[in-house]
2 protein chains.
Amino acid sequence: METSTGLDKPYIEQGATSSHPSLLIVQELKNLSRPILILRRKKTLLYQGDTFQGLYIVQSGMLKQTLQCKNDNEQLTHFFLPEDIIGLDAIGEGFYSGTVIAIETSGLLHIPFRRIEEFPDLQTSHMQLLRCLSRAMSLEHSRMWQMISQPADVRLACFFAAMSRNFFARGYSPYSFRLAMSRQEMADYLCMAVETLSRLISRFQRQGILTARGHEYCIVDPDALASIAARSK
Amino acid sequence: METSTGLDKPYIEQGATSSHPSLLIVQELKNLSRPILILRRKKTLLYQGDTFQGLYIVQSGMLKQTLQCKNDNEQLTHFFLPEDIIGLDAIGEGFYSGTVIAIETSGLLHIPFRRIEEFPDLQTSHMQLLRCLSRAMSLEHSRMWQMISQPADVRLACFFAAMSRNFFARGYSPYSFRLAMSRQEMADYLCMAVETLSRLISRFQRQGILTARGHEYCIVDPDALASIAARSK
DNA sequence: CGAAAATTTGACGTGATTCAAACGCAGTGG
DNA sequence: CCACTGCGTTTGAATCACGTCAAATTTTCG
C-alpha cells in the first residue's frame with residue numbers, strides 16, 4: 001500500500017500556475033471543451049497516424065507520447081502533466097505524430113476541431129498558437145540536444161529537477177512526488193538503457209541525493225541534484 | 001584546382017523543385033523581397049539572440065546555423081540550401097535562436113518584418129506558416145532522434161542520401177556534388193567527432209561506396225549507401 | 001615558398017549498452 | 001497458506017562504439 005506524498009497534498013494553494021507558458025491559450029480553449037474525459041491507466045487516447053480531431057488538455061494524471069519508428073524501437077517523446085496541451089504537433093500535418101497513452105488514470109478536456117479554420121476567434125489567438133508551436137519546437141530541440149551532449153547522470157538529474165519544478169509550479173511539493181511511469185518508460189524518455197537508469201538511481205541514493213521507493217521519489221539534497229544537473233560535459 | 005561537377009551543371013532543367021515543402025510560401029514571400037543580398041564565405045548573416053527582423057530565403061550557396069550553448073561547445077543545427085527559409089524558428093520567440101553564417105558565397109532574399117501582424121495577406125497564408133513551422137518541428141525531431149538512436153555510420157549514410165535527394169530535387173546531379181562545409185562542420189551537424197567522420201569517409205571509400213576529393217563527393221554505389229542508411233541499430 | 005589550418009591515421013580510455021542472472025512483488029490457483 | 005508464475009527492477013561482467021589525445025600528412029592561402 002502506498003501513501004501518496006505528492007499529488008494529493010497541494011503545496012501552495014494556487015497562483016504558481018501562472019508561470020505556465022501556455023496558460024492563456026489554455027484558458028481560452030477550456031471555454032470550448034466538452035465534458036471531462038476520463039482515461040484509465042494504460043488506456044490509449046489516440047494512435048500515431050490518426051487524423052487530427054482536435055486538442056486535449058490534461059486536467060489530472062499523467063500521459064506519455066511515444067513515436068513508433070519503422071524499426072521496432074519506439075521513442076518516448078513527451079510526458080504530459082496537468083495543463084499541458086496534447087496534439088499541438090498534429091495541427092500542421094493533420095494527423096497525430098505519436099501514440100498517447102495514460103500512465104495513470106487521467107482527466108482530459110477535448111477541444112474538437114478538424115481544421116485550423118474551425119478554430120474560434122482566430123484573429124486574436126492564432127498568434128499565440130504560433131508562439132506555442134514555436135516554443136514547443138525550441139523546447140524539444142534543447143531537450144534532444146541535451147540527450148545527445150550530456151552524460152546519463154546529468155540527464156537524470158535534469159529530469160528530476162524539471163519534474164520538481166513542474167510539481168512546484170502546479171502547487172505540489174517539489175521535494176516529494178509520485179511518478180507513475182515505470183523505470184522502462186523513464187529510461188526511454190531519457191534515452192538510456194533501463195539498467196543504466198537503475199544504476200544511476202542506486203548511485204544517487206547512495207550519495208544521499210534522493211530516495212526512491214517504488215514510484216515515490218523524495219529529493220533529499222536539492223543542491224547536490226542541481227549541481228549535477230548544472231555540470232556540463 | 002577543382003572542377004565543380006555538381007552545382008554548375010543542372011541535371012534536370014526544372015520541375016523537380018515543385019516537391020519542395022515550402023515552395024508556395026516561398027513564392028509568396030519572394031514578391032515582397034528587397035534586392036538580393038550577397039554574403040561572402042564565413043560572413044555572418046545574423047547572430048543568436050538578435051531581435052527578429054524578418055526571414056531570409058536562400059537563392060544560392062549554402063549557410064549553416066549554429067546554436068551556442070552556455071558551455072563552450074556549439075551545436076550545428078541546420079544547413080540551409082537554396083529555397084530554404086532562414087528565421088522561421090525566430091517568429092515565435094522574437095529573436096533568432098542561432099547564429100547563421102555562410103559557408104560559401106550565398107545569395108539571399110530578405111523579407112523584412114518585425115511582428116507577425118505586419119505579414120501581408122495573413123488570412124490565407126497563416127495556415128501555411130503554421131504547417132511550415134510544424135513540419136520543421138517534425139523534421140528537426142526526427143533528425144535529432146536519429147542522432148540519438150543510430151550509430152555514426154548510419155547517420156553519415158543518411159546525410160549523404162539526404163544531400164543527394166536535395167540536389168536532385170533542385171535540379172542537379174544526385175551522384176556528384178560539392179559540399180562547401182568543412183569536415184568539422186559536417187561532424188558537428190552529425191553529432192560526432194571529426195576523427196570519427198574522417199574514419200567513416202575513409203571506410204566508405206575503401207568499400208567503394210563513394211569518393212571524396214576535397215569538397216567534391218561522388219556517390220559510386222547508391223544502393224550500398226541506401227542499405228547502410230536503412231539499417232537500424 | 002612557407003606558415004597555418006584542415007584532414008587523416010593510430011593508440012588508448014571510458015561511458016554506456018548488452019548479456020545474463022538474481023531478486024522482489026503482485027496475482028493466481030491448488 | 002504457500003508454491004507457482006510473470007513482470008519489473010537490480011546488479012554484475014563483458015563488450016563495443018565512440019571520443020580523446022597525439023602525431024603524421026595534406027591542403028590552403030598569404
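Note that the structure is a prediction, hence the values are computed from the model and not measured. Naming convention: chains lettered A, B, ... in sequence-line order (proteins, then strands); numbering from 1 in each chain.
Look at CZ on A/Arg213: it is 13 Å from P on C/dC25, rounded to the nearest Å. Put simply, CE on B/Met181 is 22 Å from P on C/dA5, counting in whole angstrom units. When the P atom of D/dG8 is taken as reference, atom CD1 of A/Ile103 falls 14 Å away, rounded to whole Å. When rounded to the nearest whole Å, the span between NE2 of A/His215 and P of C/dC25 equals 13 Å. What separates CD1 of A/Ile148 from P of C/dA16 is a distance of 14 Å, to the nearest Å. One interatomic measurement links the two molecules: CE of B/Met192 to P of D/dC16, which rounds to 20 Å at whole-angstrom precision. B/Arg183 has its CZ atom 10 Å from the P atom of C/dT9, to the nearest Å.
Every residue two or more places apart in sequence or in another chain was checked for a ring-ring contact (aromatic ring centres under 6.0 Å, His included) with B/Phe204, and none qualifies. Residues that satisfy the salt bridge (Lys or Arg N to Asp or Glu O under 4.0 Å) test with A/Glu185, not counting sequence neighbours, are A/Lys64. By the salt bridge (Lys or Arg N to Asp or Glu O under 4.0 Å) test, A/Asp188 pairs with no residue at all, sequence neighbours left out. With sequence neighbours excluded, the residues satisfying ring-ring contact (aromatic ring centres under 6.0 Å, His included) with B/His78 are B/Phe80. Contacts of A/Ser227 classified as side chain to side chain contact (heavy atoms under 4.5 Å, CB included), with partners at least two apart in sequence or in another chain: none.
Toward the 5' end of DNA chain C, the nearer of the two residues B/Ala212 and A/Ala152, judged by each one's closest nucleotide, is B/Ala212. Residues B/Arg41 and B/Asp153 both approach DNA chain D. Their nearest nucleotides, taken by heavy-atom distance, put B/Asp153 toward the 5′ side.
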Please output the side-chain donor-acceptor pairs of residues 46-56 of chain A that fall under 3.5 Å, not counting sequence neighbours, one pair per line with the distance.
residue, atom, partner, partner atom, Å
A/Gln48, OE1, A/Gln68, N, 2.7
A/Gln48, NE2, A/Gln68, O, 3.4
A/Asp50, OD2, A/Tyr47, N, 3.0
A/Thr51, OG1, A/Gln53, NE2, 3.3

Got a list of side-chain donor-acceptor pairs under 3.5 Å for residues 189-203 of chain B, not counting sequence neighbours?
residue, atom, partner, partner atom, Å
B/Ser202, OG, B/Ser198, O, 3.0
B/Arg203, NH2, B/Asp153, OD2, 3.3

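Each of B/Phe167, B/Phe160, B/Phe159 was checked for a ring pair (Phe, Tyr, Trp, His ring centres under 6.0 Å) with B/Tyr217, and the lone residue meeting it is B/Phe160.
Sorted by residue number, the members of residues 193-206 of chain B with any non-hydrogen atom under 4.0 Å from DNA chain C read B/Glu195, B/Ser198, B/Arg199, B/Ser202.
Terminal axes of the helix from C/dC1-D/dG30 to C/dG30-D/dC1 (five pairs each, C1' rotation axis) are separated by 30°, to the nearest 10°.
When all heavy atoms of A/Ser176 and A/Cys218 are compared, the pair lying nearest together is OG-SG, 3.5 Å.
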